[in-house]
Amino acid sequence: MSKAVRVRARMRALVRRVRSAVRRDSGMVTSEYAVGIIAAVAFAAVLYKVLTSGQVSAELQGIVKRALDARM
């Protein structure tokens, strides 16, 4: 077998191994999507509660009021 043939055979084997490795982890499965969505919803709920709490809401309103009253 010539050197060129051996090199081609090794390259084909390498390409097959890389393709099989890529196919094994092709993305998230449905359960991972579900966990991600649940985490995002939980974070949004916590953020909503914090932003609508009395103290934070008053601070945000104060910041907006000071920004609107600023002279330019």
Side-chain angles (χ1 to χ4, degrees):
M1 193 178 336
S2 71
K3 186 176 181 179
V5 172
R6 283 184 280 163
V7 169
R8 280 192 212 122
R10 285 184 181 171
M11 287 301 294
R12 286 185 188 126
L14 178 64
V15 168
R16 278 194 300 268
R17 280 186 292 189
V18 169
R19 283 183 181 165
S20 68
V22 170
R23 287 182 186 144
R24 277 186 253 144
D25 188 25
S26 61
M28 291 195 307
V29 294
T30 305
S31 61
E32 291 171 333
Y33 278 116
V35 170
I37 290 171
I38 290 170
V41 169
F43 180 73
V46 169
L47 187 61
Y48 176 77
K49 286 293 186 181
V50 168
L51 291 177
T52 57
S53 68
Q55 185 177 2
V56 175
S57 181
E59 288 294 324
L60 288 174
Q61 287 177 0
I63 291 170
V64 170
K65 187 174 278 193
R66 283 192 303 262
L68 292 176
D69 290 340
R71 294 184 181 199
M72 294 193 184

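Predicted model, so just to flag it, every value in this text is computed and none were measured.
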Q.
Among residues at least two apart in sequence or on other chains, which ones pass side-chain contact (heavy atoms from CB on, under 4.5 Å) with Val56?
A. Val50, Leu51, Ser53, Leu60

**Q.** Sequence-distant partners of Arg16, side-chain contact (heavy atoms from CB on, under 4.5 Å), two or more places apart
**A.** Arg12, Ala13

Q.
According to side-chain contact (heavy atoms from CB on, under 4.5 Å), who are the partners of Ile63, at least two apart in sequence or on a separate chain?
A. Arg66

Q: With sequence neighbours left out, write down each residue that passes side-chain contact (heavy atoms from CB on, under 4.5 Å) with Ala4, or none if nothing qualifies.
A: Ser2, Arg8

Q. Which residues, ordered by chain and number, are linked to Val41 in its hydrophobic cluster, where ILVMFWY side chains connect at heavy-atom gaps below 4.5 Å, directly or through other members?
A. Ile37

**Q.** Reported OH-to-OG1 distance for the pair Tyr48 and Thr52, which is rounded to 0.5 angstrom
**A.** 5.0 Å

(Q) Checking one residue: Val64. Which other hydrophobic residues are in its cluster under the side-chain 4.5 Å linking rule? (A) Leu68

